[in-house]
2 protein chains.
Amino acid sequence: MNNAKRILEENGISPSLQRVIILRYLLEQSSHPSAEQVYQALIQEIPTLSKTTIYNTVKLFSKKGIIRQIALYGNELHYETQPGIHAHFLCTKCGKIIDLIQPEEESFVKECNGHLIKEKEVIYKGICKDCREG
Amino acid sequence: MNNAKRILEENGISPSLQRVIILRYLLEQSSHPSAEQVYQALIQEIPTLSKTTIYNTVKLFSKKGIIRQIALYGNELHYETQPGIHAHFLCTKCGKIIDLIQPEEESFVKECNGHLIKEKEVIYKGICKDCREG
DNA sequence: TTCTCTGCAAACGCTTTGCACGGAT
DNA sequence: ATCCGTGCAAAGCGTTTGCAGAGAA
(Lines give C-alpha, C1' and ligand atoms only; values in the text may rest on other atoms or scores of the structure.)
Protein backbone atom coordinates (compact mmCIF):
# COMPACT_ATOMS: atom_id res chain seq x y z
CA MET A 1 0.00 0.00 0.00
CA ASN A 2 2.98 2.37 -0.17
CA ASN A 3 1.68 4.36 -3.08
CA ALA A 4 4.22 7.15 -2.90
CA LYS A 5 7.18 4.81 -3.05
CA ARG A 6 5.70 2.93 -5.98
CA ILE A 7 5.08 6.14 -7.93
CA LEU A 8 8.63 7.28 -7.35
CA GLU A 9 10.06 3.98 -8.59
CA GLU A 10 7.79 3.99 -11.62
CA ASN A 11 9.21 7.39 -12.52
CA GLY A 12 12.82 6.39 -12.04
CA ILE A 13 13.33 8.38 -8.84
CA SER A 14 15.16 6.73 -5.99
CA PRO A 15 12.74 6.72 -3.07
CA SER A 16 14.60 8.49 -0.30
CA LEU A 17 12.85 9.06 3.01
CA GLN A 18 12.27 12.75 2.31
CA ARG A 19 10.92 12.18 -1.17
CA VAL A 20 8.52 9.47 -0.06
CA ILE A 21 7.18 11.56 2.81
CA ILE A 22 6.78 14.69 0.71
CA LEU A 23 4.98 12.85 -2.07
CA ARG A 24 2.81 10.96 0.40
CA TYR A 25 1.80 14.24 2.00
CA LEU A 26 0.97 15.81 -1.37
CA LEU A 27 -1.10 12.76 -2.34
CA GLU A 28 -3.10 13.01 0.88
CA GLN A 29 -3.88 16.70 0.52
CA SER A 30 -6.66 18.18 -1.52
CA SER A 31 -5.72 21.66 -0.34
CA HIS A 32 -2.88 22.37 -2.82
CA PRO A 33 -0.21 23.18 -0.23
CA SER A 34 2.58 25.66 -0.73
CA ALA A 35 6.22 24.82 0.00
CA GLU A 36 5.86 26.47 3.39
CA GLN A 37 2.80 24.38 4.24
CA VAL A 38 4.58 21.18 3.24
CA TYR A 39 7.48 22.22 5.43
CA GLN A 40 5.32 23.02 8.47
CA ALA A 41 3.42 19.76 8.14
CA LEU A 42 6.49 17.54 7.85
CA ILE A 43 9.09 19.23 10.06
CA GLN A 44 7.64 17.34 13.02
CA GLU A 45 8.02 14.02 11.25
CA ILE A 46 11.57 14.79 10.08
CA PRO A 47 13.02 17.49 12.34
CA THR A 48 16.09 17.91 10.11
CA LEU A 49 14.00 18.56 7.00
CA SER A 50 15.00 21.70 5.14
CA LYS A 51 13.12 23.92 2.74
CA THR A 52 15.86 23.39 0.18
CA THR A 53 14.97 19.72 0.08
CA ILE A 54 11.33 20.56 -0.44
CA TYR A 55 12.18 22.88 -3.30
CA ASN A 56 14.57 20.33 -4.80
CA THR A 57 11.93 17.64 -4.49
CA VAL A 58 8.93 19.49 -5.90
CA LYS A 59 11.06 20.67 -8.80
CA LEU A 60 12.03 17.08 -9.50
CA PHE A 61 8.43 15.90 -9.20
CA SER A 62 7.25 18.67 -11.54
CA LYS A 63 9.86 17.78 -14.11
CA LYS A 64 8.71 14.17 -14.02
CA GLY A 65 5.08 15.20 -14.29
CA ILE A 66 4.11 13.66 -10.95
CA ILE A 67 2.86 16.95 -9.56
CA ARG A 68 1.82 20.26 -11.01
CA GLN A 69 2.53 23.76 -9.79
CA ILE A 70 -0.18 26.38 -9.67
CA ALA A 71 0.53 30.12 -9.68
CA LEU A 72 -2.37 31.87 -8.01
CA TYR A 73 -0.90 35.19 -7.02
CA GLY A 74 2.48 36.53 -7.92
CA ASN A 75 4.23 35.23 -4.85
CA GLU A 76 4.15 31.59 -3.85
CA LEU A 77 3.50 28.42 -5.78
CA HIS A 78 1.09 25.70 -4.77
CA TYR A 79 1.37 22.03 -5.61
CA GLU A 80 -1.12 19.34 -6.47
CA THR A 81 -0.96 15.71 -7.48
CA GLN A 82 -4.12 15.46 -9.58
CA PRO A 83 -3.37 17.29 -12.80
CA GLY A 84 -6.12 18.08 -15.27
CA ILE A 85 -9.75 17.19 -14.73
CA HIS A 86 -10.62 20.02 -12.35
CA ALA A 87 -10.45 23.79 -12.14
CA HIS A 88 -9.44 25.84 -9.11
CA PHE A 89 -11.50 28.28 -7.15
CA LEU A 90 -9.59 30.83 -5.09
CA CYS A 91 -11.43 32.66 -2.34
CA THR A 92 -10.13 36.21 -2.35
CA LYS A 93 -11.31 36.68 1.23
CA CYS A 94 -9.90 33.69 3.13
CA GLY A 95 -7.37 32.47 0.56
CA LYS A 96 -8.75 28.94 0.46
CA ILE A 97 -8.31 26.94 -2.73
CA ILE A 98 -11.16 24.66 -3.71
CA ASP A 99 -11.34 22.14 -6.54
CA LEU A 100 -14.21 22.52 -8.97
CA ILE A 101 -15.31 19.93 -11.44
CA GLN A 102 -14.57 21.39 -14.84
CA PRO A 103 -18.08 22.20 -16.09
CA GLU A 104 -17.29 22.29 -19.80
CA GLU A 105 -15.32 20.08 -22.17
CA GLU A 106 -13.06 17.50 -20.61
CA SER A 107 -10.74 17.13 -23.56
CA PHE A 108 -9.63 20.56 -24.69
CA VAL A 109 -8.19 21.64 -28.00
CA LYS A 110 -4.58 20.66 -28.50
CA GLU A 111 -3.79 23.34 -31.03
CA CYS A 112 -4.89 26.92 -31.57
CA ASN A 113 -3.63 29.46 -34.13
CA GLY A 114 -0.60 27.27 -34.72
CA HIS A 115 0.34 27.16 -31.01
CA LEU A 116 0.80 23.73 -29.49
CA ILE A 117 -1.17 23.49 -26.24
CA LYS A 118 0.16 21.12 -23.62
CA GLU A 119 -1.59 22.29 -20.50
CA LYS A 120 -4.71 24.13 -19.48
CA GLU A 121 -5.23 25.88 -16.19
CA VAL A 122 -8.52 27.44 -15.14
CA ILE A 123 -8.76 29.64 -12.08
CA TYR A 124 -11.96 31.13 -10.76
CA LYS A 125 -11.79 33.87 -8.18
CA GLY A 126 -14.50 35.04 -5.84
CA ILE A 127 -16.01 34.48 -2.41
CA CYS A 128 -16.35 30.93 -1.13
CA LYS A 129 -19.48 29.46 0.42
CA ASP A 130 -18.19 29.70 4.00
CA CYS A 131 -17.23 33.37 3.67
CA ARG A 132 -20.60 34.22 2.13
CA GLU A 133 -22.54 32.59 4.93
CA GLY A 134 -20.26 33.35 7.87
CA MET B 1 -8.01 61.65 -27.98
CA ASN B 2 -6.30 61.35 -24.60
CA ASN B 3 -7.91 58.09 -23.68
CA ALA B 4 -5.79 57.37 -20.62
CA LYS B 5 -6.59 60.68 -19.00
CA ARG B 6 -10.29 60.27 -19.65
CA ILE B 7 -10.35 56.78 -18.14
CA LEU B 8 -8.57 58.03 -15.02
CA GLU B 9 -11.04 60.85 -14.55
CA GLU B 10 -13.99 58.54 -15.11
CA ASN B 11 -12.68 56.38 -12.31
CA GLY B 12 -12.11 59.24 -9.91
CA ILE B 13 -8.32 59.13 -10.14
CA SER B 14 -6.45 62.39 -10.47
CA PRO B 15 -4.48 62.17 -13.70
CA SER B 16 -0.91 62.79 -12.69
CA LEU B 17 1.79 62.64 -15.34
CA GLN B 18 3.03 59.25 -14.14
CA ARG B 19 -0.42 57.70 -13.98
CA VAL B 20 -1.38 58.89 -17.45
CA ILE B 21 1.82 57.62 -18.99
CA ILE B 22 1.65 54.24 -17.26
CA LEU B 23 -1.98 53.71 -18.24
CA ARG B 24 -1.34 54.88 -21.79
CA TYR B 25 1.50 52.41 -22.08
CA LEU B 26 -0.62 49.56 -20.74
CA LEU B 27 -3.44 50.43 -23.14
CA GLU B 28 -1.04 50.34 -26.09
CA GLN B 29 0.44 46.96 -25.21
CA SER B 30 -1.03 43.61 -26.07
CA SER B 31 1.97 41.88 -24.51
CA HIS B 32 0.85 41.96 -20.86
CA PRO B 33 3.94 43.68 -19.47
CA SER B 34 5.39 43.09 -16.03
CA ALA B 35 6.27 45.94 -13.66
CA GLU B 36 9.87 45.69 -14.81
CA GLN B 37 8.87 45.97 -18.46
CA VAL B 38 6.72 49.01 -17.76
CA TYR B 39 9.66 50.54 -15.92
CA GLN B 40 12.16 49.87 -18.70
CA ALA B 41 9.79 51.23 -21.32
CA LEU B 42 9.00 54.47 -19.50
CA ILE B 43 12.22 55.34 -17.68
CA GLN B 44 13.41 57.08 -20.86
CA GLU B 45 10.28 59.18 -21.01
CA ILE B 46 10.40 60.07 -17.30
CA PRO B 47 13.97 59.60 -16.07
CA THR B 48 12.95 60.11 -12.44
CA LEU B 49 10.31 57.37 -12.57
CA SER B 50 10.62 54.83 -9.80
CA LYS B 51 9.43 51.27 -9.49
CA THR B 52 7.56 52.21 -6.34
CA THR B 53 5.39 54.52 -8.39
CA ILE B 54 4.69 51.75 -10.86
CA TYR B 55 3.68 49.40 -8.06
CA ASN B 56 1.56 52.08 -6.41
CA THR B 57 -0.10 52.85 -9.70
CA VAL B 58 -0.88 49.33 -10.88
CA LYS B 59 -2.25 48.51 -7.44
CA LEU B 60 -4.53 51.53 -7.66
CA PHE B 61 -5.61 50.63 -11.19
CA SER B 62 -6.32 47.04 -10.14
CA LYS B 63 -8.41 48.19 -7.21
CA LYS B 64 -10.46 50.39 -9.53
CA GLY B 65 -10.87 47.56 -12.02
CA ILE B 66 -9.09 49.42 -14.82
CA ILE B 67 -6.45 46.74 -15.23
CA ARG B 68 -6.11 43.14 -14.21
CA GLN B 69 -3.14 41.26 -12.86
CA ILE B 70 -2.19 37.86 -14.18
CA ALA B 71 -0.09 35.37 -12.23
CA LEU B 72 1.64 33.11 -14.69
CA TYR B 73 4.52 31.68 -12.70
CA GLY B 74 5.14 32.10 -9.03
CA ASN B 75 7.32 35.15 -9.40
CA GLU B 76 6.23 38.26 -11.20
CA LEU B 77 2.82 39.65 -12.08
CA HIS B 78 1.76 40.82 -15.50
CA TYR B 79 -0.82 43.48 -16.27
CA GLU B 80 -3.43 43.91 -18.94
CA THR B 81 -6.13 46.44 -19.71
CA GLN B 82 -8.65 44.18 -21.47
CA PRO B 83 -10.21 42.05 -18.77
CA GLY B 84 -12.37 39.08 -19.65
CA ILE B 85 -13.11 37.97 -23.19
CA HIS B 86 -9.84 36.23 -23.92
CA ALA B 87 -7.63 33.51 -22.52
CA HIS B 88 -3.85 33.59 -22.28
CA PHE B 89 -1.35 31.35 -23.92
CA LEU B 90 2.08 31.16 -22.32
CA CYS B 91 4.94 29.77 -24.36
CA THR B 92 7.09 27.73 -22.00
CA LYS B 93 10.03 28.06 -24.37
CA CYS B 94 10.30 31.78 -25.11
CA GLY B 95 8.04 33.12 -22.33
CA LYS B 96 5.83 35.07 -24.71
CA ILE B 97 2.22 35.66 -23.70
CA ILE B 98 -0.37 35.55 -26.46
CA ASP B 99 -4.07 36.35 -26.28
CA LEU B 100 -6.45 33.66 -27.45
CA ILE B 101 -10.09 34.16 -28.21
CA GLN B 102 -11.95 32.16 -25.59
CA PRO B 103 -13.26 29.27 -27.68
CA GLU B 104 -16.10 28.23 -25.39
CA GLU B 105 -18.82 30.05 -23.49
CA GLU B 106 -18.43 33.80 -23.23
CA SER B 107 -20.63 34.26 -20.22
CA PHE B 108 -19.53 31.84 -17.55
CA VAL B 109 -21.39 30.57 -14.54
CA LYS B 110 -21.61 33.08 -11.73
CA GLU B 111 -22.08 30.54 -8.97
CA CYS B 112 -20.87 27.01 -8.36
CA ASN B 113 -21.38 24.81 -5.29
CA GLY B 114 -22.38 27.90 -3.33
CA HIS B 115 -19.22 29.81 -4.20
CA LEU B 116 -19.67 33.23 -5.75
CA ILE B 117 -17.53 33.54 -8.87
CA LYS B 118 -16.35 37.03 -9.76
CA GLU B 119 -13.51 36.33 -12.14
CA LYS B 120 -12.33 33.62 -14.47
CA GLU B 121 -8.80 33.21 -15.70
CA VAL B 122 -7.77 30.65 -18.29
CA ILE B 123 -4.13 29.95 -19.03
CA TYR B 124 -2.92 27.59 -21.71
CA LYS B 125 0.72 26.53 -21.69
CA GLY B 126 2.71 25.04 -24.51
CA ILE B 127 4.95 25.94 -27.45
CA CYS B 128 4.04 28.94 -29.58
CA LYS B 129 3.91 28.97 -33.36
CA ASP B 130 7.24 30.78 -33.76
CA CYS B 131 9.11 28.39 -31.49
CA ARG B 132 7.64 25.38 -33.30
CA GLU B 133 8.68 26.63 -36.71
CA GLY B 134 11.97 28.30 -35.87
C1' DT C 1 -2.02 74.67 6.46
C1' DT C 2 -3.35 69.92 5.02
C1' DC C 3 -3.67 66.44 1.72
C1' DT C 4 -1.85 63.95 -2.17
C1' DC C 5 1.69 62.04 -4.99
C1' DT C 6 6.24 60.62 -5.81
C1' DG C 7 10.42 58.06 -5.10
C1' DC C 8 14.63 56.66 -2.40
C1' DA C 9 16.06 53.13 0.77
C1' DA C 10 15.25 49.42 3.42
C1' DA C 11 12.71 45.42 4.54
C1' DC C 12 10.18 41.37 3.27
C1' DG C 13 8.81 36.77 1.33
C1' DC C 14 9.48 33.07 -1.73
C1' DT C 15 12.80 30.68 -4.34
C1' DT C 16 17.37 29.50 -6.09
C1' DT C 17 22.28 28.79 -5.75
C1' DG C 18 26.88 27.52 -3.69
C1' DC C 19 28.94 24.45 -1.20
C1' DA C 20 30.10 20.86 2.05
C1' DC C 21 28.97 16.79 4.56
C1' DG C 22 27.32 11.95 4.82
C1' DG C 23 25.77 7.70 2.84
C1' DA C 24 25.44 4.42 -0.86
C1' DT C 25 27.63 1.97 -4.60
C1' DA D 1 37.10 6.12 -5.06
C1' DT D 2 32.85 8.43 -7.28
C1' DC D 3 28.04 9.65 -7.28
C1' DC D 4 23.86 11.11 -5.23
C1' DG D 5 20.83 13.26 -1.80
C1' DT D 6 20.42 16.47 1.90
C1' DG D 7 20.57 20.86 4.19
C1' DC D 8 22.86 25.13 6.03
C1' DA D 9 23.88 29.76 4.61
C1' DA D 10 23.83 33.24 1.43
C1' DA D 11 22.26 35.39 -2.60
C1' DG D 12 18.60 36.66 -5.88
C1' DC D 13 14.46 38.69 -7.42
C1' DG D 14 9.92 40.75 -7.35
C1' DT D 15 7.21 43.31 -4.31
C1' DT D 16 5.89 46.05 -0.22
C1' DT D 17 6.64 49.34 3.44
C1' DG D 18 8.55 53.51 5.91
C1' DC D 19 9.33 57.83 5.39
C1' DA D 20 10.49 62.36 3.72
C1' DG D 21 10.30 65.96 0.29
C1' DA D 22 7.69 68.46 -3.39
C1' DG D 23 3.58 70.20 -5.02
C1' DA D 24 -1.46 71.07 -5.25
C1' DA D 25 -5.67 72.76 -2.89
Side-chain angles (χ1 to χ4, degrees), chain A residues 4-5 8-9 11-26 32-64 66-79 90 95 97, chain B residues 4-5 8-9 11-26 32-64 66-79 90 95 97:
Chain A
K5 194 177 171 192
L8 290 177
E9 284 165 349
N11 284 275
I13 299 172
S14 67
S16 74
L17 177 65
Q18 286 85 342
R19 286 168 176 172
V20 170
I21 287 178
I22 292 172
L23 181 54
R24 194 172 64 206
Y25 178 74
L26 289 175
H32 318 80
S34 64
E36 176 67 28
Q37 288 168 329
V38 175
Y39 178 76
Q40 290 303 333
L42 301 180
I43 187 67
Q44 294 162 17
E45 200 164 341
I46 312 180
T48 60
L49 185 66
S50 85
K51 291 233 185 106
T52 305
T53 299
I54 292 171
Y55 284 113
N56 287 339
T57 304
V58 293
K59 181 176 284 183
L60 177 63
F61 290 176
S62 295
K63 208 172 293 176
K64 294 285 187 174
I66 300 173
I67 67 172
R68 179 173 173 175
Q69 18 182 63
I70 322 164
L72 290 170
Y73 336 90
N75 49 4
E76 62 184 355
L77 289 168
H78 293 254
Y79 304 96
L90 169 66
I97 306 162
Chain B
K5 192 175 174 194
L8 291 177
E9 283 165 349
N11 283 275
I13 300 171
S14 68
S16 74
L17 177 64
Q18 287 84 342
R19 286 168 177 171
V20 170
I21 286 180
I22 291 172
L23 181 54
R24 194 172 63 205
Y25 177 74
L26 289 175
H32 317 81
S34 64
E36 175 67 27
Q37 289 168 328
V38 175
Y39 178 76
Q40 290 303 333
L42 300 180
I43 186 66
Q44 294 163 16
E45 201 162 342
I46 313 179
T48 60
L49 185 65
S50 84
K51 291 232 184 108
T52 306
T53 298
I54 292 171
Y55 285 113
N56 287 340
T57 305
V58 293
K59 182 176 283 183
L60 177 65
F61 291 175
S62 294
K63 209 173 290 175
K64 295 285 186 174
I66 301 174
I67 65 171
R68 180 174 173 175
Q69 18 180 63
I70 321 164
L72 290 170
Y73 336 88
N75 48 2
E76 62 185 354
L77 290 167
H78 293 253
Y79 305 96
L90 169 67
I97 306 162

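What you see below is based on every heavy atom in this structure, not just the backbone, and it leaves out hydrogens, waters and symmetry mates. Reminder, nothing fancy here: chain letters follow the sequence lines and each chain counts from 1. Computed from a prediction, not measured in an experiment: that's the story for all the values here.
Side-chain atoms of B:A35 lie closest to D:dT15 of the nucleotides C:dT16, D:dT15, C:dT6. Of the candidate nucleotides C:dC5, D:dG14, D:dG5, D:dG5 has the atom nearest to the side chain of A:S14. The side chain of A:R19 lies closest to D:dT6 when the candidates are C:dT17, D:dT16, D:dT6. Side-chain proximity of A:Y55 to D:dG7, C:dC14, D:dT17: nearest is C:dC14. Comparing atom distances between the A:S50 side chain and each of D:dG7, C:dT17, D:dT17 picks out D:dG7 as nearest. For B:N56, whose side chain is taken as the heavy atoms from C-beta onward, the closest listed nucleotide among C:dC14, D:dT15, C:dG7 is C:dG7. Listed nucleotides D:dG7, D:dT15, D:dT16 differ in distance to A:L49; the shortest reach to its side chain belongs to D:dG7.
Across all strands shown, B:T48 has heavy atoms under 4.0 Å from sugar-phosphate atoms exclusively, and none from any base. Across all strands, A:E36 comes closer than 4.0 Å to no nucleic acid atom at all (heavy-atom distances).
Sequence order on DNA chain C of the closest nucleotides to B:L17 and A:K51 puts B:L17 first from the 5' end. Where B:E76 and B:T52 meet DNA chain D, the nucleotide closest to each residue was compared, and B:E76 sits on the side nearer the 5' end.
The side-chain heavy atoms of B:I13 and B:I66, taken from C-beta on, include a pair separated by under 4.5 Å. Residues A:V38 and A:Y25 are in side-chain contact: their nearest non-hydrogen atoms beyond the backbone lie under 4.5 Å apart. Under the 4.5 Å side-chain criterion, counting only non-hydrogen atoms from C-beta, B:H78 is not in contact with B:P33. No side-chain heavy atom of A:K5 sits under 4.5 Å from any side-chain heavy atom of A:L8.
A donor and an acceptor atom never sit less than 3.5 Å apart when one is taken from the side chain of A:S16 and the other from the base of D:dC4.
The separation between A:L60 atom CG and D:dG7 atom P is 15 Å, rounded to whole Å. One atom, CG of B:L77, and another, P of C:dC14, lie 14 Å apart when rounded to the nearest Å. Rounded to an integer number of Å, the gap from A:K59 NZ to C:dT15 P is 11 Å. Atom CD1 of B:I22 is separated from atom C1' of C:dC5 by 12 Å (rounded to the nearest Å). The CZ atom of A:F61 sits 11 Å away from the P atom of D:dG5 (whole-angstrom rounding). Between the P atom of C:dC14 and the CD1 atom of A:I54 lies a distance of 13 Å, rounded to the nearest Å. Between the P atom of D:dC13 and the CD atom of B:Q40 lies a distance of 14 Å, rounded to the nearest Å. Rounding to whole angstrom units, CG of residue B:L72 and P of D:dT15 are separated by 12 Å.
Neither side chain, A:R19 nor A:T53, offers a donor N or O lying under 3.5 Å from an acceptor on the other.
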